[in-house]
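Presented below is the structure to which this report refers.
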Amino acid sequence: MTAALETLGLGRRYHTTWGLRDCTLLVPEGTVTGLVGPNGAGKSTLLRMAAGLSRPTAGTVSVFGSPVHPNGTDHLGRVGYLDQFHPLYRYFSVAEMLAVGRKLNSRWDDASARKWLEDLAIPLDKRVGRLSGGQQAQVALTLCMAKRPDLLLLDEPVASLDPLARKRLLQALMGTVADRGTTVFLSSHIISELEPLCNYLIVLSASRVQTAGSIDDLLANHRLLVGPRRDQPPDGVEVIDVTQTSRQTTYLVRGVAPTLGSDWQSLQPDLEEIVIAYLTKGETDGAPPIPVDADSDPKGGAA
Amino acid sequence: MIWLTWRQHRAVLAVSAAVVVAFVVWMMIVEHDYSTAVRAIARSCNASRAYSPNTPCSALYSSEALAWGQGDIIRWILLVLPLMFGVLLGAPLFAGEFERQTVILAFTQNISRTRWMVIRWLVIGLSVFVLSVALAGVSNWWFLHVPTNGSSFGYRIQPGQFDVTGIAPAAYSLFAFALGAALGMALRRTARAIFGTVVLFVAVRILFEHYFRRQLAAPTFSPATVFASGYSFDVSASSWNVGRGYRVRPGSAYPTSQTYINHIVNLCSKPFGVQSTGCLSKHGVQLGVLFQPSSHFWTLQWGETGSYIAAVAALFGLTLWSVRRWRA
């Protein structure tokens with residue numbers, strides 16, 4: 001499988017803090033890969049470096065095998081980037097925005113762009129600034145799609161939209177992507193939104209990649225072990241997250257689950273539980289170890 | 001990209017062009033009124049020849065020009081107009097893109113940053129060039145028709161009138177534009193870039209006028225006329241007096257080096273920095289005045305224009321470097 005996007009030890013430092021650190025990942029060609037993480041985890045930083053807008057402090061980022069430089073031009077024709085604030089020229093009409101795309105891109109698909117906007121009932125002669133937020137996002141996405149990119153980078157594409165506009169935008173996006181075989185890399189902090197769209201998932205937290213893999217693998221490789229209270233973590237398995245109450249202990253583990261006893265249950269976690277476990281792990285890594293009894297310890301650092 | 005630049009700036013270009021056109025029309029009206037008045041004076045003067053045969057009619061025209069207050073207003077506007085290009089077209093050229101984040105849109109299309117910057121700069125810079133050269137053409141025509149003699153701006157070689165005559169005003173306009181664009185790119189805020197453009201433009205113009213312009217051509221020396229009770233300088237009113245000077249009397253056997261002159265000037269100095277002309281003369285040194293005669297006008301104009309154009313080129317380079325260096 002060739003990589004549409006590959007990063008190696010990628011990092012970006014803002015003055016003294018790292019916006020992204022030690023990020024090594026691979027987005028296979030033809031996949032729809034979701035990037036989840038809390039606000040400030042480094043999602044936008046990663047996407048901006050992939051789009052050539054930002055220069056890495058450490059490591060490299062390549063698109064279809066060639067490194068991306070902010071002043072390079074190789075990636076520009078193949079990559080479509082949708083910023084989370086979807087900036088547009090507010091005083092231009094929608095038709096003029098399409099003209100911008102047509103004049104600045106070599107592989108421009110004007111007919112599809114017009115057809116798409118027509119389907120969405122966005123009038124071409126209206127000024128961009130007079131459109132609703134959802135319509136502006138649609139216009140921005142149209143500009144990305146019509147340049148027929150091989151890799152589409154979408155930073156929080158639906159964050160500012162109401163649920164209906166959200167659904168419409170994602171449907172429109174996925175319909176077109178499926179037709180063209182475009183690789184999509186999109187970020188979101190809403191897991192439920194990504195699950196139906198994506199076949200790959202990357203969890204980013206505290207400026208580091210916590211886990212990455214296909215959604216099927218993630219689901220198959222994790223188990224939720226629920227049983228009576230137990231202070232000793234199970235052996236031979238990687239514990240991602242522990243939830244303790246006075247009578248019950250829940251482990252989210254990676255790998256083949258060990259047998260802990262007859263009073264233990266092994267359950268299939270859903271994607272959200274897995275992701276949250278990794279996000280929690282990311283937040284607490286480097287912090288003091290999780291106290292055994294988080295409920296009774298007033299100095300608990302895990303809360 | 002040319003279309004995009006034009007589309008983004010057509011409104012502000014139209015405003016700039018309208019300001020220039022309105023101003024030119026006003027200049028033409030003033031010129032027309034002046035010519036009409038002068039013709040009327042000529043007629044009445046010729047008619048009244050019999051009563052005052054000793055007064056030449058041209059003296060009456062000059063007094064009419066003196067009273068022409070609008071001439072000074074026009075000069076002041078010409079002095080300030082280059083800043084309009086810096087503020088309206090230069091400062092927002094890049095700063096606006098960063099403020100509205102549309103630079104992110106531009107930098108993710110299939111066009112290199114260099115091309116984006118160069119075309120953007122050149123399309124608007126060329127518009128500034130056309131407008132400012134047209135304005136310079138009209139104002140030069142205007143000064144040929146409405147006499148400058150009575151103006152408080154002085155003769156065309158002198159600071160003031162020099163700054164609104166010839167080709168240099170067009171270079172000031174381009175400089176203001178390039179300065180605005182470079183500051184806009186460096187600060188990425190339009191309001192700050194406008195403020196910086198105004199301050200730096202005024203500072204550069206004043207410094208150049210007071211310290212550098214006089215060095216663009218070697219000044220002419222005119223020896224003082226020495227009387228028993230002192231001395232006087234004799235310089236034409238149409239020259240630009242740039243200060244006191246000394247030289248070794250031509251044809252004398254004294255060394256002509258600057259070291260020798262400085263030595264004698266020190267030797268002959270009396271309190272309050274005044275030299276005894278007798279003492280200077282005894283050692284073969286003449287006191288005089290340095291000035292730029294009106295014949296140096298075009299040398300100074302081209303020197304000044306060249307200097308400002310060099311600054312424009314440097315600012316262009318800095319802006320390009322800054323655009324390529326930017327990262328989100």
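Reminder, nothing fancy here: chain letters follow the sequence lines and each chain counts from 1. Because the structure is predicted, anything quoted here is derived from the model rather than measured.
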**Message:** As a test of understanding, state which of B:Trp321, B:Phe94, B:Trp121 forms a ring pair (Phe, Tyr, Trp, His ring centres under 6.0 Å) with B:Phe316.
**Reply:** B:Trp121

**Prompt:** Do you know which of B:Trp302, B:Phe175, B:Phe201 makes ring pair (Phe, Tyr, Trp, His ring centres under 6.0 Å) with B:Tyr308?
**Reply:** B:Phe175

**Request:** Count the heavy-atom pairs under 4.5 Å between each of B:Ile2, B:Ile111, B:Ile104 and chain A, then report the option with the highest count.
**Result:** B:Ile104

**Complete:** Assert top hit (heavy-atom pairs under 4.5 Å, partner chain A, pool B:Gln101, B:Gln8, B:Arg7, B:Arg100) equals B:Arg7

Does a sphere of radius 6.0 Å around [atom1] in [X] hold more than 12 heavy atoms from other residues, nucleotides or ligands, not counting ones at 6.0 Å or beyond?
X	atom1	answer
B:Tyr211	OH	no
B:Phe129	CZ	no
B:Trp298	CH2	yes
B:Arg327	CZ	yes
A:Arg102	CZ	yes

Contact class of [X] relative to chain A, heavy atoms under 4.5 angstrom:
X	answer
B:Arg324	both
B:Arg325	backbone
B:Glu97	side chain

**Asked** Does A:Thr57 use its side chain to pair, donor to acceptor, with the backbone of A:Arg13 at less than 3.5 Å?
**Response** yes

**Asked** Is there a donor-acceptor pair under 3.5 Å between the side chain of B:Arg213 and the backbone N or O of B:Glu304?
**Response** no

Heavy-atom pairs under 4.5 Å with chain B, option from [options] with the top count:
options	answer
A:Leu88, A:Leu76, A:Val100, A:Leu82	A:Leu76
A:Arg78, A:Met49, A:Arg12	A:Arg12
A:Phe85, A:Tyr81, A:Tyr89	A:Tyr89
A:Glu96, A:His86, A:His75, A:Arg48	A:Glu96

Is it the backbone or the side chain of [X] that comes under 4.5 Å from a heavy atom of chain B, or both, or neither?
X	value
A:Asn105	both
A:Val79	backbone
A:Arg90	neither
A:Arg55	both

**Item:** Members of residues 149-157 of chain A whose heavy atoms come closer than 4.5 Å to chain B
**Value:** none

**Complete:** Against chain B, residues from residues 116-147 of chain A with at least one heavy atom under 4.5 Å, in numeric order, are A:Leu143, A:Lys147

What pair of heavy atoms forms the shortest contact from [X] to [Y], and how long is it?
X	Y	answer
B:Ala181	B:Thr319	O-CG2, 4.2 Å
B:Ala95	B:Ala91	CB-O, 3.3 Å
B:Leu174	B:Gly125	CD2-O, 3.6 Å

**Prompt:** Would you say the side chain of A:Leu5 lies within less than 4.5 Å of the side chain of A:Thr183, judging by non-hydrogen atoms?
**Reply:** no

**Request:** Could you check if a side-chain atom of A:Val61 sits within less than 4.5 angstrom of a side-chain atom of A:Leu46, using non-hydrogen atoms only?
**Result:** no

**Request:** Apply salt bridge (charged side-chain N to carboxylate O under 4.0 Å, His left out) to the pair B:Asp163 and B:Arg75, showing each step before the final yes or no.
**Result:** CA-CA 9 Å; B:Asp163 305 74; B:Arg75 287 177 175 87; over 6 Å; no

**Request:** Run the numbers on B:Ser112 and B:Thr114 for side chain to side chain donor-acceptor pair (under 3.5 Å), then give the verdict.
**Result:** CA-CA 5 Å; B:Ser112 74; B:Thr114 305; 4.6 Å; no

